[in-house]
Amino acid sequence: MIAEVIVDVAAHPIDRPFDYAIPKRVEVLAEPGMRVKVPFGNRKVLGFITKIKQTSDFDPKRLKPIHELMDVIPVLNEELLQMAQWMKKQTVCFEIAALQVMVPAALRAKYEKRFVLNAELEEIASPLRPYFENRSFIRLQDAVDVYALLKKEMDKGTIIADTDIQQQTAVKKVRMIHIADTVEALEAIEIRANAKQQLKLMEYFFKNLGQSIESSQLQKLAGVSLPTIYSLVDKGAAQISNMESYRDPKLLSTIEHKESLQLTGAQQTAFDQIESALNTPKTFLLHGITGSGKTEIYLQTIDQVLKQGKEAIMLVPEISLTPQMTIRFKERFGDQVAVLHSGLSAGEKYDEWRKIQRAEVKVVVGARSAIFAPFQNLGLIILDEEHESSYKQDDSPRYHARDMAIWRSEYHQCPVILGSATPSLESYARAQKGVYELLVLEKRAKNQPLPAVHIVDMREELRNGNRSMFSVQLADAIRDRLDKKQQTVLFLNKRGYSSFVLCRDCGTVMQCPNCDISLTYHRSSEMMKCHYCGYDERVPTICPECESEHIRFFGTGTQKVEEELAKVVPEARVLRMDVDTTRTKGAHEKILSAFGEGKADILLGTQMIAKGLDFPNITLVGVLSADTTLHLPDFRAAEKTYQLLTQVSGRAGRDVLPGTVFVQSYTPEHYAITLAKDQLYEPFYEQEMAMRRASGYPPYYFVVNIQFTHEDLMTVAEYADQTVRYLKGQLSPNTLIIGPSASLISRVNNRYRYQCLIKYKKESKLIDTMQQLIKIHRTEWLKKGATLSIDMNPTSVM
DNA sequence: AGCACGCCGACT
DNA sequence: GTCGGCGTGCTC
């Protein structure tokens with residue numbers, strides 16, 4: 001028997017199956033989708049079996065055997081293996097990358113170089129001996145001091161280099177204590193009268209004959225320590241065993257089961273349409289304004305799917321996977337739910353994944369990668385906040401969860417629901433064309449009015465001599481809410497806009513030495529950091545160029561806003577939520593729940609507060625600067641701005657108290673701002689579509705972004721230029737090729753970056769041409785040190 | 001990608 | 001004479 005194996009080596013010539021002989025003794029076990037350890041060249045690597053067959057085209061005498069099977073049950077099923085091949089084609093990625101992304105990180109290989117003793121301890125140089133005293137190997141990282149000596153030994157062959165493959169598959173084990181079944185068994189045991197602890201435990205045993213209990217539980221219940229338990233186990237009063245267990249992610253509140261809510265008329269209509277399409281591979285676009293009750297429709301549809309005995313995947317953007325959302329699902333579906341999000345440790349994620357694999361759960365709620373949940377009998381896939389860019393992975397494999405969802409829906413013959421208050425133009429256009437079925441919710445579920453949105457012209461404020469970042473109206477409103485003991489959310493649209501340091505004498509802005517970008521000022525650590533390569537240095541006290549002392553910190557980081565805010569409302573209790581304050585695990589939830597409990601008057605934050613905030617006492621939302629996303633050199637700038645404003649405004653007045661929103665802008669007449677004011681999606685869609693049509697962007701054209709990097713500017717320009725000429729010769733005349741041009745950030749980590757854009761409507765040779773391009777890259781440019789990256793349907797072209 | 005092989009210049 | 005630089009080629 002022969003296995004086709006995709007090995008864990010991300011390189012173009014390796015990106016195909018390699019044949020291996022399956023050793024006789026594991027022949028019955030080996031199955032496609034299992035991980036294997038195989039010899040590859042002169043090392044060992046991990047790989048996935050993708051196929052099992054009888055014969056190989058490769059010279060049978062040169063076939064190597066699989067070294068070791070890593071699984072008993074395949075980690076990938078037939079469906080996912082097929083999907084990986086499709087994904088490889090669609091996103092132009094390595095098949096191994098597609099396979100890896102489908103599996104929890106704990107199952108991916110970790111390679112560690114080490115030195116193994118290949119002789120008697122006495123044979124090697126004496127300074128080395130202590131290193132090998134009790135071990136047969138040492139790790140590379142522990143050997144830096146004696147590297148030269150090791151090298152000599154390696155030449156003699158007394159020590160050999162080796163790579164160890166480790167997996168972090170820590171299955172959590174718990175100690176189970178099984179108490180003896182009969183009184184007689186216990187009575188036969190003798191315990192000294194002064195062994196008080198043991199007697200205490202015996203007493204517990206007598207009361208709980210035949211029971212099995214986790215040792216940590218037992219310690220608590222019987223009030224004894226672990227050694228006491230062990231002594232009784234030694235005497236035969238109980239038995240001990242290890243049992244596999246799951247890590248239990250802590251939730252902040254207890255969960256009570258909740259029944260479905262009564263659907264409104266509009267909700268019911270949408271629900272009925274979806275329900276009648278269960279068991280068909282249909283895609284719905286559920287367009288419902290903020291607060292229209294989309295989640296309740298999801299919950300009830302999932303309920304129907306479960307009643308059919310099928311499973312459901314619910315995807316949410318990473319950022320909105322808040323405990324609130326998780327709790328809502330657990331309240332309805334109890335322990336049938338697994339949750340996958342970035343806040344979990346690798347072990348916790350693995351545990352949640354195993355619950356899915358073992359069919360112990362029926363619903364998974366998770367971020368992007370949860371689309372690969374290994375369900376066998378999928379009945380429904382939901383993408384909430386369908387327009388969110390986090391559904392597209394921004395490094396290889398550059399897949400979009402929406403495309404994966406639709407592929408799986410066809411495989412399982414089940415529907416997909418794309419939900420959003422502000423659908424992506426692509427999805428809405430497809431709904432208009434009838435590719436997706438459009439479902440609309442126009443009213444808020446509790447019939448609350450939309451918040452009153454006021455657009456504040458900041459140019460006007462400036463003319464009136466207000467140079468602060470708070471308009472008079474907003475400042476007044478904040479004070480008003482403070483008096484009324486209501487809560488305010490301030491949103492800082494920080495994207496493309498960060499704090500930098502400028503010398504007021506010579507105008508120098510501190511730049512990263514490796515990248516073409518200014519350094520960002522980090523107040524908490526008093527450091528200047530580069531967000532692209534990680535370079536950092538201490539904040540200067542004098543200008544590095546002209547040695548002037550007149551340096552100034554610019555920009556509006558959240559910390560800066562916090563300081564300004566303290567001047568406006570010194571008595572307010574402010575909670576700040578940004579990358580700095582949410583770095584630690586669970587910090588996100590802590591801040592949100594503190595705010596929800598009314599421990600602060602104002603929540604100040606960036607993007608991450610735009611979603612999932614649902615507290616009744618929030619009656620004011622302030623958007624400090626609506627424009628920062630608007631003027632980015634990207635075709636999605638207006639769409640992003642519209643979505644963000646709608647999203648943020650939706651945070652106000654979600655309960656009985658009406659909400660007010662102030663949007664501060666320097667371009668208040670822009671349609672993305674004026675139309676977001678009243679959540680007028682249709683007019684926005686029409687106007688933005690006209691822009692896209694005129695400029696040749698999605699949904700009118702498909703886009704491919706190709707990026708080139710090299711440490712030499714001339715070389716990368718030459719490479720980009722040649723590629724564009726090649727593409728023009730290959731692709732159809734109707735296809736537009738834009739560029740090449742230097743990327744917006746033209747240098748990162750001392751490498752120059754160029755890019756070009758392919759825009760096409762129909763291009764049957766596209767995938768082939770991309771594959772060809774990679775071949776050329778491999779043969780001509782790779783060895784010159786150039787890199788090539790292809791992004792199909794990029795979310796942004798900056 | 002990683003690793004060995006192999007072919008020329010700088011040292012003990 | 002040997003160490004070591006990195007070009008080239010291969011991996012079932």
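Residue numbering restarts at 1 for every chain, and letters A, B, ... go by the order of the sequence lines.
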Taking the six-membered ring of [Y], is the NZ or CZ of [X] close enough (under 6.0 Å from the centre) and on axis enough (within 45°)?
| X | Y | answer |
| --- | --- | --- |
| Lys529(A) | Tyr535(A) | no |
| Lys784(A) | Trp781(A) | yes |
| Lys64(A) | Tyr20(A) | no |

Using a 4.0 Å heavy-atom cut-off, does [X] contact any base of the nucleic acid, only the sugar-phosphate backbone, or nothing at all?
| X | result |
| --- | --- |
| Arg62(A) | sugar-phosphate |
| Pro17(A) | nothing |
| Ile14(A) | base |
| Phe40(A) | base |

Contact summary for Arg402(A) and Ser424(A), nearest pair of heavy atoms:
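Closest approach of Arg402(A) to Ser424(A): NH2-OG, 3.4 Å.
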
Exercise: identify the closest heavy-atom pair between Val748(A) and Ile745(A)
CG2-CG2, 3.6 Å

Heavy atoms of chain A, cut-off under 4.0 Å: which first and last nucleotide of DNA chain C, 5' to 3', fall inside that, if you could look?
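Boundary nucleotides touching chain A, in 5' to 3' order, are dT11(C) to dC12(C).
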
Does a donor on one side chain and an acceptor on the other come within less than 3.5 Å for Ser518(A) and Gln511(A)?
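No pair is found: no donor N or O on one side chain lies under 3.5 Å from an acceptor on the other.
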
Scan for ring-ring contact (aromatic ring centres under 6.0 Å, His included) pairs involving residues 738-765 of chain A, sequence neighbours excluded, and state none if there are none.
Phe702(A)-Tyr760(A)

Covered region of DNA chain B, 5' end to 3' end, by chain A [heavy atoms, under 4.0 Å]:
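Boundary nucleotides touching chain A, in 5' to 3' order, are dA1(B) to dA4(B).
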
Examine distances only and state if a side-chain atom of Gln755(A) and a backbone atom of Val797(A) form a donor-acceptor pair shorter than 3.5 Å.
yes

